[in-house]
J.: 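Have a look at the structure that comes next, please.
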Amino acid sequence: MKRETPLYRGPRGTADLLPSEQKFWRYLESNAENVAERFGYRRIDTPVFEDSGLFVRGVGQGTDLVEKETYTFQDRGGDMLTLRAEGTAPVCRAYLEHGMHNLVQPVRLYYFTSIYRYERPQAGRYREHHQFGIEAIGDGNPAVDAEVIELGWRFLSGIGLQKFTIQVNSIGDFNCRPTYLGELKDYYAKRRGLLCDDCKVRFERNPLRLLDCKKENCLALSAEAPHSIDHLCGECQEHWDRLKGYLSALGLLFNIDHHLVRGLNYYTRTVFEIQPPVEGSQSAIIGGGRYDGLIQELGGRPTPGIGFGMGIERVILNLREQGISVPDQDGPKVMVSYIGDAACKEAIKLASQLRQEGISATLAPSGKSIKGQMRHAFSLGTAYAIIIGDNELQKGTLILRDMGKGEQQEATLAQVKQILQG
RNA sequence: GUGGGCGUAGCCAAGUGGUCCAAGGCGCCAGGUUGUGGCCCUGGAGAUCGAGGGUUCAAAUCCCUCCGCUCACCCCA
């Protein structure tokens, strides 16, 4: 008669991960852990919120992420806090805070965590999403760059995703990038009138971003624009060449994308993405790069680092698109049904005993006929049902029904346990 | 922040001014004789037709406002 009207709904851009979809999450999390640990990475979890300054300093003033996408609030003590807006800066903060530079370098870390960004939601983009990420801190060797890219690649192919492409680029370091940016601005300065309105702003604020504008006119301009890899200093050039060599040695096919620049300020040298075959908003499923200046920016000594973040929701989207199935989760193995109050008590005890033996068991719903209870067992998908009624109570036995075969037998508790454990 | 699409029961969905106090399907609940499932059959519960206002003799159907969802842009995972 009366309608249930929810007073609240989940906040915009968030999602409840219902039992029916948990199999994806379990599957991806365990695969991520397996791959990461196979590469020698160890798990780290950082708080959901951090000092707001961490993201401002780490990710950088002038980035969209910091300027318009953070969830920032003041707590009751007056501290400014920000919900985790990305994974790298918190991990670097923890590296510093716990003196991990005293550990054997590089320190290899991974995480599987939630990220918060105030954005308009759309396919593959949410205000709360989850990332699997890794960071290798303390070794500037391009071998580590290759390792990080390979790890991401192995994860994706390990879960059955196909037709992904690796995009790489080098945007130089703090020595050679200014020179390149100068060239870039010279190039665009001569063609300024042709730029779109957004790009006119980019020209002033963040010229690198001119390269990845997708508007027709701007695409034509960026196609002819100078390439960052043609302006690398000696060290960056060597790093870049060795990386390409290592990736090839690993048999990883990659695409050099001169327009790949990424939106966070901390990147140096290597930047990369792994992209799914379909165009669209979920352009990158993995994004990452080297951040050799970040630790220092956060107050540490100069320390190289590289890592990536991978969007779990986007992975799931692609699993669905490519029709890849993931293992189902098991329900209870047996349902204990009963007839009458006396039997109910026995059923409760029996279910408890079975669980203590490591057998997953659930009690039949109350107030149902045997027929109703059997229907219930069928829809739960339990392999067995146990029936306790007056007859069984008197005889001290149980009925064990094999739901698959549709056959049942009278058995003692010991026999039942043995069969269920087999 | 900008632009497009959409909003009928838990889910899918018919219906575009009167015969709709709203069809159908899935799911849910109960029965199909007395202690037993899957198919099938029967019955049942469940909808202030997103909310508010307006037009009209009459609105789920037309208009306005708001809210929500969704897709795209920006940007990102």
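Owing to the predicted nature of the structure, the values given are computational and were not obtained by experimental measurement. Heavy atoms only: backbone and side chains are in, while hydrogens, waters and symmetry mates are out.
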J.: Taking all heavy atoms of A342(A) and all of L393(A), pick out the closest pair and write down the distance.
T.: CB-CD1, 3.7 Å

J.: Only pairs with both distances under 3.5 Å count, Watson-Crick or wobble alike; so what is the partner of U36(B) in this structure?
T.: none

J.: Reading RNA chain B from 5' onward, which residue's closest nucleotide shows up sooner: G372(A) or Y118(A)?
T.: Y118(A)

J.: Taking pairing as Watson-Crick or G-U wobble with both contacts under 3.5 Å, can you name the mate of A72(B), or confirm there isn't one?
T.: U2(B)

J.: Does C29(B) have its OP1 or OP2 closer than 4.0 Å to a side-chain nitrogen or oxygen of K368(A)?
T.: yes

J.: Taking only Lys NZ, Arg NE, NH1 and NH2, and the carboxylate oxygens of Asp or Glu, determine whether E273(A) and R262(A) approach each other closer than 4.0 Å.
T.: yes

J.: Which pairs, with at least one residue in residues 385-396 of chain A and sequence neighbours excluded, count as a side-chain hydrogen bond (donor to acceptor under 3.5 Å, both in side chains)?
T.: K395(A)-E410(A)

J.: Do the side-chain N and O atoms of T165(A) and N255(A) include a donor-acceptor pair separated by under 3.5 angstrom?
T.: no

J.: Strictly below 4.0 Å: does R401(A) bring a side-chain N or O up to OP1 or OP2 of G38(B)?
T.: no

J.: Please tell me which of Q131(A) and I388(A) maps to the more 5' nucleotide of RNA chain B, matching each residue to the nucleotide holding its nearest heavy atom.
T.: I388(A)

J.: Report the nucleotide, chosen from G35(B), A77(B), G37(B), that has the shortest atom-to-atom distance to any side-chain atom of R262(A).
T.: A77(B)

J.: Q122(A) side chain N/O closer than 4.0 Å to the phosphate oxygens (OP1, OP2) of A72(B)?
T.: yes

J.: Could you tell me which non-hydrogen atom of G193(A) sits nearest to which non-hydrogen atom of K200(A), and how far apart they are?
T.: O-NZ, 4.4 Å

J.: Out of G35(B), C76(B), G37(B), which has the shortest distance to the side chain of E392(A)?
T.: G35(B)

J.: How far does the C1' atom of G10(B) sit from the matching atom of C28(B), given to the nearest Å?
T.: 9 Å

J.: Check whether any side-chain nitrogen or oxygen of R375(A) sits under 4.0 Å from OP1 or OP2 of G38(B), and answer yes or no.
T.: yes

J.: If you check every side-chain atom of E69(A), which of G35(B), G37(B), C75(B) has the closest atom?
T.: C75(B)

J.: Closest approach to the side chain of N391(A), judged atom by atom: which nucleotide of A77(B), G35(B), G37(B) is it?
T.: G35(B)

J.: Looking at the side chain of I370(A), which of C76(B), U36(B), G37(B) is the nearest nucleotide?
T.: U36(B)

J.: Partner of A60(B) by Watson-Crick or G-U wobble geometry, both contacts under 3.5 Å, or none?
T.: none

J.: Check whether any side-chain nitrogen or oxygen of R120(A) sits under 4.0 Å from OP1 or OP2 of C75(B), and answer yes or no.
T.: no

J.: Using a 4.0 Å heavy-atom cut-off, does F308(A) contact any base of the nucleic acid, only the sugar-phosphate backbone, or nothing at all?
T.: nothing

J.: For G25(B) and U19(B), measure between their P atoms and round to the nearest Å.
T.: 22 Å

J.: Looking at every strand, decide which applies to I286(A) at a 4.0 Å heavy-atom threshold: base, sugar-phosphate, or nothing.
T.: sugar-phosphate

J.: Does the ring of H129(A) meet both stacking tests against the six-membered base ring of A77(B): centre distance under 5.5 Å and plane angle under 30°?
T.: yes

